[in-house]
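One structure is given here, and the rest of the page talks about it.
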Amino acid sequence: FCPPPGVVPGVQPLGHGRRAPDFLVVGTVKGGTSALGCAAEAHPSIGMLRIEAPIYESHFFNGNASFYSNWDRGQAWYERSLDGLKAHDMTAASLVGEKSPDYLCDPEAPMRIFSLYPRVTIIALLREPVARAYSHWNMIKQQHVSGRYILHLQRYEKLFPRSALNVFIYEDGPPAALGQSPPAPHAQAVTRCRLQRDYAPYNERLYTWLGLQPRCAHSGRRVSDTIATSPT
Ligand SMILES: Nc1ncnc2c1ncn2[C@@H]1O[C@H](COP(=O)(O)OS(=O)(=O)O)[C@@H](OP(=O)(O)O)[C@H]1O
């Protein structure tokens, strides 16, 4: 276990512009945590941490292997953020909390929480797993690119201008559009025709982005031939 910068584990600094959390909503992802956060915040004596409005989640306790963690910003940063909720006319008796729904599945989060705030209240909302997974899948689908892909793509974004980076989504059709994968060789001719027609807009997007003529029909070659032999 590695404490955040400037911290003495187990000690709860209070006052001096710093505030410890009274409760943490730890999950689960897609378990209705946003609704719970709003409901809590509706009470005049409860302040919910929002790191970047309208997002509640601080991800302070997430582990280093997590997709996103603010642990390295240090305990003082976290407690000053919580203390900042005083701006909402809160009294000393008010409660402050935060919700970061992936604390629940993060193996490092419980120890990080306990080491700093052993008396904090933990709130977990659970949801029927299939419905939860489906909701999560829907969210990822809307975001289009998620999970580790973001980390991988960020390495390219650091080096290349955004205009030089185009991301295609498999489920949107490019693999089939390129003619290298589905439809399988044994697919019915009518199926191949239909898929090529359906995927044509994706091909055109690719050609246009590469600065080429949107259509290659004039070459008399099949799309797959064109892709396989170019650019040279
Ligand atoms: N009262 C209320 N208001 C709004 N939304 C509600 C509420 N109760 C549950 N839900 C459903 O909870 C799902 C979102 O969960 P989370 O807020 O935890 O999502 S997140 O992890 O913060 O992204 C999301 O589920 P799905 O609709 O199945 O995707 C919400 O619809």
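Values reported hereafter were calculated over all heavy atoms of this structure, with side chains retained and with hydrogens, waters and symmetry mates removed. Both counts, for ligands and for their atoms, begin at 1 and track the order of listing. Numbers here are sequence positions counted from 1.
- The option with the heavy atom closest to atom 2 (C) of ligand 1, from among S34, A35, G31, is A35.
- Counting only heavy atoms, the protein gets under 4.0 Å from atom 19 (O) of ligand 1.
- Counting heavy atoms closer than 4.0 Å to ligand 1, residue R132 contributes nothing at all.
- For the pair S66 (side chain) and N62 (backbone), a donor-acceptor distance under 3.5 Å is absent.
- Taking both residues in full, the closest heavy atoms of S45 and S94 are given as O-CB, 3.2 Å, listed atom of the first, atom of the second, then distance.
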Exercise. What's the verdict on side chain to side chain donor-acceptor pair (under 3.5 Å) for E108 and Y103, showing C-alpha distance, side-chain angles and the deciding distance?
Worked result: CA-CA 8 Å; E108 289 186 69; Y103 288 162; over 6 Å; no
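- Ring pair F60/W71 is tilted by interplanar angle, where 30° to 60° counts as tilted.
- Comparing heavy-atom distances from atom 25 (O) of ligand 1 across H136, K30, R127 singles out R127 as nearest.
- Atoms of ligand 1 found under 4.0 Å from any heavy atom of E57, numbered from 1 in the order shown, are 22 (O).
- Remark: side-chain polar atoms of N70 are not paired, donor with acceptor, to backbone N or O of H59 under 3.5 angstrom.
- At least one side-chain heavy atom of I113 sits under 4.5 Å from a side-chain heavy atom of I122.
- When only non-hydrogen protein atoms are considered, atom 22 (O) of ligand 1 lies nearest to K99 NZ, 2.7 Å.
- Within a 4.0 Å radius of atom 13 (C) of ligand 1, the protein contributes one or more non-hydrogen atoms.
- Scanning all protein heavy atoms for the shortest distance to atom 10 (N) of ligand 1 gives G32 CA, 4.3 Å.
- Scanning all protein heavy atoms for the shortest distance to atom 26 (P) of ligand 1 gives S135 OG, 3.4 Å.
- Donor-acceptor pairing under 3.5 Å is lacking for the side chains of Y68 and E57.
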